[in-house]
Chemist: 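Right, I'll just put the structure down here and ask away after.
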Amino acid sequence: MSRKPEKQPEAEKKKRQSKKKTKQTLTRAVTHIRLLEANPGKLAALDALLSVYLPLCQQYTTRFCQAETSPDKYIDPVCESELSDRLHRVAIQQAAGIAKSWRTNRENAYQAYLDDVADYARAKAKAEAEGRLATFTRQEPTWNERQVPVLRVPVMQANANVLVVEPSQDSTFDYWLRISTLEKGNPLRVPVKLAPYHKEQLKDRPFNTSTTLHKRKGVWWLTLSYDQDVPVHTERCAPVVGVDVGIVHFLTTSTGKEYGSFHGKMARQHKRDRAKRRRKAKLRACLEKKGVPRDRLPSTSSATGQRLSRHVRQEINRAVNELIKDHPDARLIYEELSVASMRFHARSMNAYLYASQLGHIPEQLAWAAKRQGMAAHTVRAEYSSQECPHCHFVDRANRPNQRTFKCVVCGYEDHADHKAAGTLAGRWGDRELAACRDTKEIKALLLRRHEKWKQEHESRIERACPPVQVSLWEATEPSLGPSSA
Ligand SMILES: [Zn+2]
């Protein structure tokens with residue numbers, strides 16, 4: 001008979017809660033596994049499947065992109081299809097994923113547009129105030145609604161319900177890929193042969209259930225993924241290093257180091273690219289007015305822009321790697337980036353760097369730390385740039401400029417980003433702060449702490465400090481030892 005376990009003593013419970021995490025799970029992809037063309041009939045069946053699957057996925061993608069509410073991959077099927085329920089569900093899930101990222105990108109672009117509008121209005125008002133309106137030639141920004149994504153490349157992001165990888169007993173290839181098809185009860189089995197480096201990567205590792213199939217230039221490719229457990233080597237007493245994600249530098253640590261920057265050359269390139277895209281958009285609008293059909297209009301997305309985005313990402317990765325190399329034994333504490341804070345940061349960057357790219361910084365930091373077996377935690381970031389680490393006073397006035405932090409109450413002064421990183425580090429383990437439900441509660445908590453500091457500070461002054469003896473300060477000769485007067 002099973003007995004109800006005895007209630008654990010409080011101390012025991014605490015010990016369990018604070019037990020060190022010993023490993024972290026990393027999901028890695030194995031890409032470019034070519035499907036064998038040994039049996040052309042099988043791949044033709046795969047083509048046939050995708051010719052039904054893709055249009056269905058497109059229907060849901062369009063629906064999700066145009067809907068008022070955010071995509072829900074669990075909705076009841078609403079489109080007709082000859083696919084099985086399981087394949088139908090996979091199509092819905094894939095569409096929800098595509099629509100989600102499209103909506104985020106659109107949202108960010110729209111935000112950038114609104115920033116442009118605000119910027120334009122400011123410039124115009126300034127020109128008006130200075131009586132230069134007659135020579136003010138700047139074009140008012142326009143918003144071009146983005147088109148819903150069109151799925152051109154046959155892709156299926158499947159799960160174990162419809163796509164199973166089985167080891168093969170045959171020596172000529174390594175796996176069977178079993179795919180549910182249009183014919184019920186008659187799955188397609190395609191042989192898969194791995195390259196030596198794939199084999200090395202997958203050695204003794206169970207697959208993850210998420211698998212992708214795609215066709216490019218007439219060839220079918222498979223992407224597998226696996227979970228890897230990485231032991232965490234960060235000691236419990238490891239130094240805590242705060243990391244601030246910022247504008248002047250991608251990363252600033254509480255140890256006073258800075259990594260990566262968006263300023264200089266990269267910012268100039270972005271500015272040029274934005275100007276170019278604006279010109280193209282203008283041309284496009286002009287041609288559209290003249291009745292040029294939509295599919296013959298020039299595209300406003302630029303190859304340079306894509307190259308620049310890639311470049312920014314590479315720079316971010318480089319900065320993250322350097323930071324990790326410099327702090328191998330640390331426990332990293334960084335900010336939990338919310339959409340609101342990303343917008344705030346992105347706005348300050350004059351929309352050079354879209355929020356999606358900014359979001360890449362903490363993502364990359366988390367991933368790189370995991371790979372290295374380092375402990376990394378997120379903390380709430382609200383007011384981390386305005387809070388005084390000494391007296392907890394929170395106010396915008398504590399930031400006289402972008403670079404400087406100077407508390408208007410106690411006078412504490414520091415480099416703004418170093419201070420913010422230090423504040424983040426200090427918030428690790430702050431349960432009271434973590435429990436706050438919103439920004440308002442956080443501000444209230446910090447101001448309570450400031451009040452407490454003020455009371456303690458005042459009572460300390462009263463108790464510990466004797467009345468100031470002016471004569472001590474007026475001594476003409478500086479003395480190192482105790483005054484002998
Ligand atoms: Zn202060």
Side-chain angles (χ1 to χ4, degrees), residues 238-259 323 327 330-338 340-345 347-349 361-362 377-470 472-473:
V240 174
V241 172
V243 183
D244 181 57
V245 171
I247 303 153
V248 182
H249 294 279
F250 289 150
L251 302 157
T252 304
T253 61
S254 53
T255 51
K257 292 191 169 171
E258 288 145 359
Y259 302 90
L323 184 148
H327 305 85
R331 181 182 296 279
L332 301 179
I333 310 297
Y334 59 104
E335 71 179 280
E336 204 172 277
L337 271 190
S338 64
S341 68
M342 280 203 278
R343 274 196 193 146
F344 167 74
H345 280 297
R347 221 179 353 256
S348 337
M349 290 189 204
I361 301 176
H377 317 268
T378 57
V379 290
R380 301 288 287 269
E382 288 94 334
Y383 302 108
S384 60
S385 63
Q386 294 176 18
E387 183 192 352
C388 172
H390 188 207
C391 73
H392 304 291
F393 185 65
V394 175
D395 200 289
R396 206 163 293 188
N398 287 348
R399 293 285 302 275
N401 58 53
Q402 188 66 52
R403 294 180 52 86
T404 318
F405 179 90
K406 192 171 193 301
C407 179
V408 294
V409 173
C410 73
Y412 175 88
E413 195 172 344
D414 198 353
H415 181 287
D417 294 342
H418 295 172
K419 196 239 42 113
T423 301
L424 291 173
R427 287 183 179 185
W428 184 59
D430 188 338
R431 293 197 181 171
E432 218 180 346
L433 191 99
C436 289
R437 274 166 305 177
D438 55 27
T439 314
K440 253 192 207 154
E441 283 190 16
I442 290 183
K443 186 156 190 183
L445 172 69
L446 296 177
L447 288 180
R448 275 203 304 280
R449 287 178 181 175
H450 173 65
E451 284 306 316
K452 202 172 156 213
W453 172 87
K454 240 167 52 182
Q455 279 168 16
E456 281 170 10
H457 189 70
E458 274 157 14
S459 65
R460 211 168 31 238
I461 292 172
E462 279 165 21
R463 270 188 285 116
C465 300
V468 178
Q469 290 173 277
V470 178
L472 282 179
W473 304 100

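All heavy atoms count here, side chains included; hydrogens, waters and symmetry mates do not. Every number for a ligand or one of its atoms is a count from 1 in the order of the listing.
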Chemist: Classify the angle between the aromatic ring planes of His450 and Phe393 as parallel (below 30°), tilted (30 to 60°) or perpendicular (above 60°).
Modeler: tilted
Chemist: Rounded to 10°, how many degrees is the angle SG/Cys407-the Zn ion (ligand 1)-SG/Cys388?
Modeler: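 Cys407 SG and Cys388 SG form an angle of 110° at the Zn ion (ligand 1).
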Chemist: Using a distance threshold of 2.8 Å, state whether an N, O or S atom of Cys410 lies below it from the Zn ion (ligand 1).
Modeler: yes
Chemist: Under 2.8 Å from the Zn ion (ligand 1) - does any N, O or S atom of His390 fall there?
Modeler: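 Here the distance criterion (N, O or S atom, under 2.8 Å) is not met by His390, so no.
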Chemist: Of Glu335, Glu387, Glu432, which meets salt bridge (Lys or Arg N to Asp or Glu O under 4.0 Å) against Arg427?
Modeler: Glu387
Chemist: Which class fits the ring pair His327 and Tyr259: parallel under 30°, tilted 30 to 60°, perpendicular over 60°?
Modeler: perpendicular
Chemist: Centres of the Trp428 and His377 rings: under 6.0 Å?
Modeler: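 Yes - the distance between ring centres of Trp428 and His377 falls below the 6.0 Å cut-off.
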